[in-house]
Amino acid sequence: MSQALEELRQRLAEISDLSSAAGLLGWDQQTMMPERANPIRAEQLGTLSGIVHERFTDDAIGRLLQQLESEEEALRQADPDSDDAALIRVTRRDYEKSKRVPGELAVEIARAGALGHQAWVQARERSDFAAFLPFLRRNVELKRQYVELFDDEGHDDPYDVLLDDYEEGMKTAEVAALFAELRAQLVPLIAQIAQRTDAVDNALLHGEFEPARQAVLVRGVLERLGWAPDGWRLDEAEHPFAASFGPTDVRLTTRYDPKYIGMALYGGIHEMGHGLYEAGVAPQLARTPLAGGASLGLHESQSRMWENVVGRGRPFAGFLHGELQRVFPEQFGAVDAETYYRAVNKVQPSLIRVEADEATYGLHIILRFELEREMLAGTLDLADLPEAWNARMKEYLGVDVPDDALGVLQDVHWSGGEIGYFSTYALGNLIAAQLWQRARADLPQLDEQLAAGDGSELRAWLGDRLHRHGSKYPPKELVQRIVGGPIAVQPFVDYLTTKLTPLYGLT
């Protein structure tokens, strides 16, 4: 290793440590922090964000990257899969993007996101969009300032700038085309099912479920999937999420709804998918820009696969049924496995994205993708956002929104300034179906293993092909390497149709 590469690694490790400290403060904000601490937490996060930005955009990093240009090429020629060559490439990309952002703007974006989060929590509790509106305006204003910094790159759509932060190399036009195809296939499928909606009953998922017993259930299921107390935590959050501060420090959250068992159980499995990705990154990539998922679309492919393809698939649903009978015998003792499997796969347009079934979920994302583009472009006045939201919920899903808490305020993302994020959820569904096709071909005993509650072989398969690489490869290249083609809609539609046709007697 050259002296320049060694120095770059040392600097990046320190920056990673600072970023992890900021991430830990953010995790605490959403799990344990007292409410009155929010103003000072916003300042703390702003300060740390400023320090990270200053360290990473230091001219010394630029000089090191310049010195390493020839070494990067030599490393790649010697080994096309070189970790060091990938580290230089990813660092250069991130450095060039960050160098455009003034430190003051980076600090303000972090501060506004922290303040916006707490304002969102309070506004959601009161279903008071007007109280949240000033914070949303500030976040959108800052994102527009951020986008303007990249005007000279000739993007076809200003949204490209934000999308690239979450899904490297993906263009808005590509997402729009995928979503147009997806919507064209989902709408008639959902319409067919709507004529037979009574064929599946999910009432057994609703009732009285003591949160303490739910916690026992969720913890037990996650332990079977790989959760371990010496490297993981499981806590509660208003909006469940996963965070990682290294492969040996993974934090999951879920939410216990005493009236609905699916929230905590499937929410926990969803976040476990994220955690497995982070925990599976090769140890040698720790404390570098490679030590995380290649993109949020790939990250979501893991959470959506474990939650839906595995968790709601017939084999593993049979295992979950047994666990529910053990922990909640009063509610599930007389319920057979087939009835449970049908219940967790009911298709029914609903208000809440995180509770949406697999078929209608994509329409929730398409709605948000469209609104984000209009918010950024200024073609939708933010004060009119609830009205636009409600109108599209009616148009796309046929549901009436009773209040803003169940409508425009239901998601946490905009409160923290995470605009450009939502499309990755639906991209994750598409990638998950493609990965599942390949995994089933490679693992002939997979159904039997999942029926026994054993996800270890699937976990190892994903670890070898996806997780261990972190962000070493661009996401499009990584998808191509694993499934042999680009992100596609048809495998997901085929998967849904195969599952739902016998449940609803479709033709």
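Only this structure's heavy atoms are used, side chains among them; waters, hydrogens and symmetry mates stay out.
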Side chain to side chain donor-acceptor pair (under 3.5 Å) between Gln490 and Glu181, intermediate numbers included: CA-CA 9 Å; Gln490 198 59 48; Glu181 182 183 352; over 6 Å; no
Nearest-0.5 Å distance that lies between atom CE in Met33 and atom CG in Asn38: 4.5 Å
Whether Ser471 side chain and Pro289 backbone form a donor-acceptor pair below 3.5 Å: yes
Polar side-chain atom of His53 near backbone of Val101 as donor-acceptor pair, under 3.5 Å: yes
Atom pair CG/CZ of Asp235 and Phe241 - distance to nearest 0.5 Å: 8.0 Å
Residues Glu167 and Ser295: side-chain donor-acceptor under 3.5 angstrom: yes
Check: Gln434 side chain, Ala488 main-chain N or O, donor-acceptor pair, under 3.5 Å: yes
Aromatic Tyr425 / basic Arg368 pairing, under 6.0 angstrom, 45° off normal: no
Side chain to side chain donor-acceptor pair (under 3.5 Å) evaluation trace for His467 with Glu278: CA-CA 7 Å; His467 301 166; Glu278 294 292 327; over 6 Å; no
Steps toward side chain to side chain donor-acceptor pair (under 3.5 Å) verdict (Tyr495, Glu358): CA-CA 10 Å; Tyr495 153 77; Glu358 290 179 274; 2.6 Å; yes
Residue pair Met170, Val175: steps toward the side-chain contact (heavy atoms from CB on, under 4.5 Å) verdict: CA-CA 7 Å; Met170 183 69 76; Val175 175; 3.5 Å; yes
Nearest-0.5 Å distance, CZ of residue Arg304 to CG of residue Leu427: 12.0 Å
Flag, side chain of Gln410 to backbone of Leu351, donor-acceptor distance under 3.5 Å: yes
Lys97/Asp165 under side-chain contact (heavy atoms from CB on, under 4.5 Å): CA gap, chis, key distance, verdict: CA-CA 9 Å; Lys97 291 185 73 171; Asp165 286 344; 2.5 Å; yes
Asp357 side chain near Asn345 side chain, heavy-atom distance below 4.5 Å: no
Ring centres under 6.0 angstrom apart (Trp414, Phe422): yes
Salt bridge Arg126-Asp404, side-chain N to carboxylate O under 4.0 Å: no
Over 12 non-hydrogen atoms of neighbours within 6.0 angstrom of CD in Glu14: yes
Closest non-hydrogen atom pair between Ser350 and Leu397, with its separation: O-CD1, 4.2 Å
Name of the residue among Glu372, Glu374, Arg373, Lys171 meeting side-chain hydrogen bond (donor to acceptor under 3.5 Å, both in side chains) with Tyr159: Glu372
Distance, nearest 0.5 Å, that separates CG of Leu252 from CG of Leu276: 8.5 Å
Side-chain heavy-atom pair Met375, Leu136 within 4.5 angstrom cut-off: yes
Plane angle bin for Tyr361 and His364 - parallel if under 30°, tilted between 30 and 60°, otherwise perpendicular: tilted
Sidechain N-carboxylate O distance under 4.0 Å for Lys99, Glu96: no
Gln118 side chain to Leu115 backbone, donor-acceptor under 3.5 Å: no
Expected output: side-chain Thr31 to main-chain Ala237 donor-acceptor under 3.5 Å: no
Atom of Trp306, atom of Ile269 and distance for their closest heavy-atom approach: O-CG2, 3.2 Å
Full working for side-chain contact (heavy atoms from CB on, under 4.5 Å) between Phe132 and Val408: CA-CA 11 Å; Phe132 176 60; Val408 70; over 6 Å; no
Check: Gln66/Arg63 side-chain N/O donor and acceptor closer than 3.5 Å: no
Glu395 side, atom CD; Leu363 side, atom CG - distance, nearest 0.5 Å: 10.5 Å
Basic-acidic side-chain contact under 4.0 Å: Arg144, Glu141: no
Cationic N near anionic O, under 4.0 Å, Arg111 to Glu43: yes
Nearest heavy-atom neighbours spanning Leu296 and Tyr421: CD1-CE1, 3.4 Å
Short side-chain to backbone donor-acceptor contact, Gln29 and Ala114, under 3.5 Å: yes
Heavy-atom donor-acceptor pair, Thr497 side chain to Asp494 backbone, under 3.5 Å: no
Short side-chain donor-acceptor distance under 3.5 Å, Thr47 and Gln44: no
Any donor-acceptor N/O pair, Ser127 side chain to Ala405 backbone, under 3.5 Å: yes
Whether Thr254 side chain and Ala264 backbone form a donor-acceptor pair below 3.5 Å: yes
Parallel, tilted or perpendicular: rings of His299 and Tyr277 (30°, 60°): tilted
Ala279 to Trp232 - nearest heavy-atom pair and separation: CB-CZ2, 3.7 Å
Test: Asp257 and Arg255 ion pair at under 4.0 Å: no
Geometric cation-pi criterion Lys143 and Tyr146, 6.0 Å radius, 45° cone: yes
Arg9 CZ: over 12 foreign heavy atoms closer than 6.0 Å: yes
CG-CZ distance between Leu186 and Phe179, expressed to the nearest 0.5 angstrom: 10.5 Å
Salt-bridge present (Asp17, Arg55; N to O < 4.0 Å): no
Heavy atoms from other residues, nucleotides or ligands near CD of Glu387 exceed 12 (cutoff 6.0 Å): no
Atom of Ala432, atom of Ser301 and distance for their closest heavy-atom approach: CB-O, 3.5 Å
Check against side-chain contact (heavy atoms from CB on, under 4.5 Å), Asp160 and Asp164: CA-CA 6 Å; Asp160 286 348; Asp164 188 69; over 6 Å; no
Distance-minimising heavy-atom pair for Ser244 and Val250: OG-CG2, 4.1 Å
Verdict with reasoning, Arg137 to Asp381, per salt bridge (charged side-chain N to carboxylate O under 4.0 Å, His left out): CA-CA 10 Å; Arg137 285 196 189 281; Asp381 190 309; 3.4 Å; yes
Under-4.0 Å salt bridge between Arg89 and Glu477: no
Arg312 NZ/CZ over Tyr266 ring centroid, <6.0 Å and within 45° of normal: yes
Within 6.0 angstrom of Gln284 CD, more than 12 heavy atoms from elsewhere: yes
